Every structure is written in structure tokens, then in C-alpha cells.
A.B. asks: 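The structure is given below, and queries will be raised subsequently.
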Protein chains: 2
Amino acid sequence: MSLTVVGSIAFDSVRTPFGERDRMLGGSAVHFALAASFFTDVGVVGPVGDDFGEAELELLRERGVETRDIERVEGGETFFWRGHYEHDLNVAHTDDTRLNVFGDFEPKLSDASKAADVVFLGNIQPELQRGVRAQCNGAGLVALDSMNLWIETARDSLVAAISEVDCLLLNDAELRMLTEEPNLARAARAVMELGPRIVVAKRGEYGAALFTPDGFFAIPGFLLEDVRDPTGAGDSFAGGFLGYLDGAGARDGDDRELRRAMAYGSVLASFNVEDFGTERVSRLTRDEIEDRLAEFKRLTHFEE
Amino acid sequence: MSLTVVGSIAFDSVRTPFGERDRMLGGSAVHFALAASFFTDVGVVGPVGDDFGEAELELLRERGVETRDIERVEGGETFFWRGHYEHDLNVAHTDDTRLNVFGDFEPKLSDASKAADVVFLGNIQPELQRGVRAQCNGAGLVALDSMNLWIETARDSLVAAISEVDCLLLNDAELRMLTEEPNLARAARAVMELGPRIVVAKRGEYGAALFTPDGFFAIPGFLLEDVRDPTGAGDSFAGGFLGYLDGAGARDGDDRELRRAMAYGSVLASFNVEDFGTERVSRLTRDEIEDRLAEFKRLTHFEE
């Protein structure tokens, strides 16, 4: 079992009604890898600049994340995002985005990363995702995330990238936008016609829905009284989801395992939002995950 | 077991991307009563005008709904609502509202209606809700629904009305607006401090969440490929929820029964939206409800 993730490695400056942080470690690949690290061996592929130090690498390594394919670009600066949230934590307001070293990124995978059983193509330019995907032909499960930016500016590339993967994870609004189909179930079916056999609609605080050829499954969000920073929740969900599937050796789309993976994804996302950036997940334990999964089961269970 | 509902009895003219209907039977009390009628004896309290005919009464009576407290106001016209939905079926656009006979409505309950075990105060002016509530002192469970209009224009009356009931059902955005608390779990707790021991947050297509002193429960929406008209879904949810509780004799807030009631509420709402107005629920059978409940259980079930 092994999992390769390509995506952004970033410094994030974030303000919410509950506090703020300057230049904390973030990015889709980082949030994903930390969440997945509780279930399997995960390696990160992505570029950083001179400003990326030992402390940041150490945070990943402490969770057992393989960092050999984190490429340091001399004279470059790490991807930077500044944003804020109002009281509606479902909506991120972007104040500044600097691609920096991501502007010229050409993913180079080590043989070990290429040989991964599961691959997650985090939200980056679709042609970069295709480049990574082409290097990982042995993977049993390749999943892709994206965003409205690429739907609007690189639709053809994105559709090509989607057609080459097994699983698409996307926000529900973006699924509707991509397929121009307002009904979520129909939107998911339209995606399946492009190629993927698994579609996951992320619904923010409302949870997530899973679509497969066998049918669908929906799970509400884990209700929390204290949400401090939602940044990275979707990537933590993806990390819990794919990390669990890889760790359980369930890459073939077994329905029972996919549902359990949805629950683990929700649990990891729920921890992610309890504190800023990676602060909560980086001090998380597997016991806490299992306890919350059991609580989640109780909170969603009903008898006929 | 018996249930009294007070609320609007209306003619609705509705347009959605999937069709339109002119002056079809609608209103919160009507949608509620039809849904509840599958589980218990339900009677409607509310005014209608000369334009309300035998056909409308017959539609209710065919489902066993008691209509003796439907008051015909001579020379008056029935409450009328005209609205439309764009592709985002979560948002109703109101084009015309005519209170008509509701403008001077003074609820008069027969002794049988006053003696109900469960009472639902549908979304009408809060002082009218209080007037009905005061006439039903023997009820074991009194629930109230409201809307943003009353939060904005009659907040003090609404808070007084809420403090006098056992259960509040409200859209999640309205719960946040009422309590000025952006976090849903905290908003629900703030409502409980006003009096109700049960709070249900309706979340449209995303399902619903239940809050009690014991904790919370969340259920996703039943995913449908064909949604034609969401008008009345919230009232059908309430009808399934409270109708089940009354029919099961579960008015004391038993957690297991409340969860089951949430599932029945979701099932009734899911049928409501499959066709315009009351068209789907008025031809529904109890077997279809039980089949969908079983399907719903399968669609939300996961194993730890």
C-alpha cells in the first residue's frame, strides 16, 4: 500500500471571525497528506521555494509523510494564498494568490512515487494533473480534485484529465457547473459518462455524497460547535477517504469500503476545521479518529 | 392520537424549470396535513374564501383529513401565492402574495381540535400561533414553524411564541438569523434556552438536523434525479415528522423515535418534491413510504 499526492504546498495567511494566522503551512497536498498519513504510506510531489524550511518538512515527516519528491526551487518562493472568511464559513474570500514556484512546475516523480497503488491529483492546473497521471500507470485508483477556476479557464484540459481517472472529487456547486446539470445526481451521472466510476460531491458543512454505478450514498457533515478555520477541509476529506481505501487495500470500488471511507473522510475534515491550518490534524491521534467515527455513527444512525 | 395543524390554506401558482401550475391547492397546513395523514388523525384549522370549492375539500377528506375547522369566509378570497424557481430549486422567488382571508383571521378551534395530543403551528403571524397554542393546553407536544418575514417584522412576538412550544422547526439560515449565531449547533442551543426541548433545522436538499438536550442527529436529504417543484417540502417534512410521533404515541422526546420521525419527515419531503404541489403526496401509499424509508436507510448506512 502506498499513496502519491501531487498538489499545492503553500503558505497560507488566513483570517476568520475566530482568529488569524500569518504564513502557516498549507496547500492541498499538505492537508491531504497529513490526513492520509493515519491510514497508509503517503508521499508528496510538489515544488517549494527557498522560504520553505526544515520546520515545515519536519511537520510532514513527523506524521511519516515521505518528502523526497518535494522539489526545492532555488531562488523561488513557495506558493502563497491569503484569504478570509466571514461568519458564513462556507465561503472563502481570496485576497491574494501568488503561484510563485508553481508557475513553472513540471512534476518529476521518483520511481517509488510512480509505483503508488493510489494517486491523488490535487487541485492544480489540469495539464499538470495529466502529466502526473501519465507517469503512474500501475495505480489501481487515481482520483482528481479541481475547482471553478479550471472549469472556467481550462475546461477541455480538465475534461480530458477527468476522463483519465477513476474517481472525481468536487464541490457540489462545481459538479453542477462542470456538467451544466443543476440536479446533483444527474451531474454525477454525466461525470461517470466521461470515465470515472466513482464521483464524490463535497458539500461543505452539509457533508458529502458518493455516486457509483451501483447507486449512491450520502452522509451529513459532523456538526461542531467550534469551527475556527475551514481551509483545507476538502483536502483533509480526500486524504481520509483515499488514505483509508489504500490502507484497507480497497481500490476496486467495494461499496462497503467506499462508505466507510466517506465516513473517515468526514471525520478527518471535521478535525481539520477545529483549528487553523494543519494545527489540529498535526496533533491528532488514531484513537481520536476512531472515537469520532463511532460518535459519527451514533449521530447518523436511525432504525427503521 | 390526534393532531391539529393551523396554517395557511392556499392557492399556489408555481413555475419551475420543469413546468408550471396555476392556482393549485397548497399552503403550509395542507402540505402538512396530507403528509401527517399517513400516520395519524389530523385536523386542519384555517380560513378559506368563496373560491375554495368541494374539490379542494375532497382532496383532503380522501386522505382522511378532518376539515370541520376550515372556516369559509363569505365574500372572501383564499390566500394566494405566486412564485417561481430557477435551476437552483433551493431558492423560492415570490412574485405575488395576497393574504386575502388571512388578513383578518382569528383562529377558532372546535373542542376536538383543542383536545389534540400534538399541535403544529404552521408558518403564520406569531400572534395567531400564540392564540392557537393558548387554546390547546392539553397537548403533549406543540411544534412551531416560522420564516424570515416574522423574524424581521415581529421578532418579539415570535420569540414569545417560541418560548411557549416544545419544538421549533426552522430552516437553518433562519435559525442563524433568529439567534444571530452563525454556528448551527450553537444557534439550536440558543433556541433551547428560550424554551423548546426539540429543535429541527431544515436544510433543504441537504436534509435536516435534530437537536435535543441529549445531543444531535443529522440526516442527509434523499437524493432524487427528478425534482419538479419544492413548494411545500418543509411542511411535508414537518407533517411526516410530527405525524409519525403522534401515531407512535411518542410525544415525550424519546431519542429513537425522534430519529425515526426525522427519517419519515425526509421521506415525505422527498415525495413532495417529485411533482407539483400536492400531486405526488395525494396519490402516495403507505407501502411506498415504507419502501422509501428502507431505501433511505440503505443509502445512509455505513459500518464502522
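The structure presented is a predicted model; accordingly, all values stated were derived computationally and were not measured. Computed over heavy atoms, backbone and side chain alike; hydrogens, waters and symmetry mates excluded. Letters go in sequence order (proteins before strands), and every chain restarts at 1.
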A.B. asks: Side chain, backbone, both or neither: which part of B:D226 has an atom under 4.5 Å from a heavy atom of chain A?
C.D. replies: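 Interface part for B:D226: both.
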
A.B. asks: Count the heavy atoms of every other residue, nucleotide or ligand shown that sit under 6.0 Å from CZ of B:R15, and state whether that count exceeds 12.
C.D. replies: no

A.B. asks: Do A:E303 and B:E257 have side-chain heavy atoms sitting under 4.5 Å apart?
C.D. replies: no

A.B. asks: Identify the residues of residues 212-220 of chain B whose heavy atoms come closer than 4.5 Å to a heavy atom of chain A, ordered by number, or report 'none'.
C.D. replies: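 B:F216, B:F217, B:A218, B:I219, B:P220 fall under the 4.5 Å cut-off.
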
A.B. asks: Among A:A263, A:P182, A:G221, who wins on heavy-atom pairs under 4.5 Å with chain B?
C.D. replies: A:P182

A.B. asks: For a 4.5 angstrom cut-off between non-hydrogen side-chain atoms, does A:M262 reach B:F302?
C.D. replies: no

A.B. asks: Is it the side chain or the backbone of A:Y244 that comes within 4.5 Å of chain B heavy atoms, both, or neither?
C.D. replies: neither

A.B. asks: Assess whether atom CZ of B:R155 is packed by more than 12 heavy atoms of other residues, nucleotides or ligands within 6.0 Å.
C.D. replies: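 Yes - once you tally the heavy atoms of other residues, nucleotides and ligands closer than 6.0 Å, there are more than 12.
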
A.B. asks: State the NE2-NE2 distance between B:H301 and A:H301, to the nearest 0.5 angstrom.
C.D. replies: 8.0 Å

A.B. asks: More than 12 heavy atoms of other residues, nucleotides or ligands under 6.0 Å from CZ of B:R283: is that the case?
C.D. replies: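 Enclosed.
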
A.B. asks: Using non-hydrogen atoms only, which part of A:R298 is less than 4.5 Å away from chain B: side chain, backbone, both, or neither?
C.D. replies: backbone

A.B. asks: More than 12 heavy atoms of other residues, nucleotides or ligands under 6.0 Å from CZ of B:R186: is that the case?
C.D. replies: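 Yes.
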
A.B. asks: Can you sort out the partners of B:H84 under ring-ring contact (aromatic ring centres under 6.0 Å, His included), two or more places apart, ordered by chain and number?
C.D. replies: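 Per chain and number, B:H84 pairs via ring-ring contact (aromatic ring centres under 6.0 Å, His included) with B:H93.
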
A.B. asks: What option among B:R259, B:H87, B:E290 has the most heavy-atom pairs under 4.5 Å with chain A?
C.D. replies: B:R259

A.B. asks: Under 4.5 Å from any heavy atom of chain B, what part of A:A209 do you find: side chain, backbone, both or neither?
C.D. replies: side chain

A.B. asks: Going by heavy atoms in the side chains, are B:L223 and A:L184 under 4.5 Å from each other?
C.D. replies: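 B:L223 vs A:L184: side chains touch.
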
A.B. asks: Can you tell me how far the CD atom of B:E225 sits from the CD atom of A:E181, to the nearest 0.5 Å?
C.D. replies: 8.5 Å

A.B. asks: In terms of heavy-atom proximity below 4.5 Å to chain B, should A:L89 be classed as side chain, backbone, both, or neither?
C.D. replies: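 A:L89 has no heavy atom closer than 4.5 Å to chain B.
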
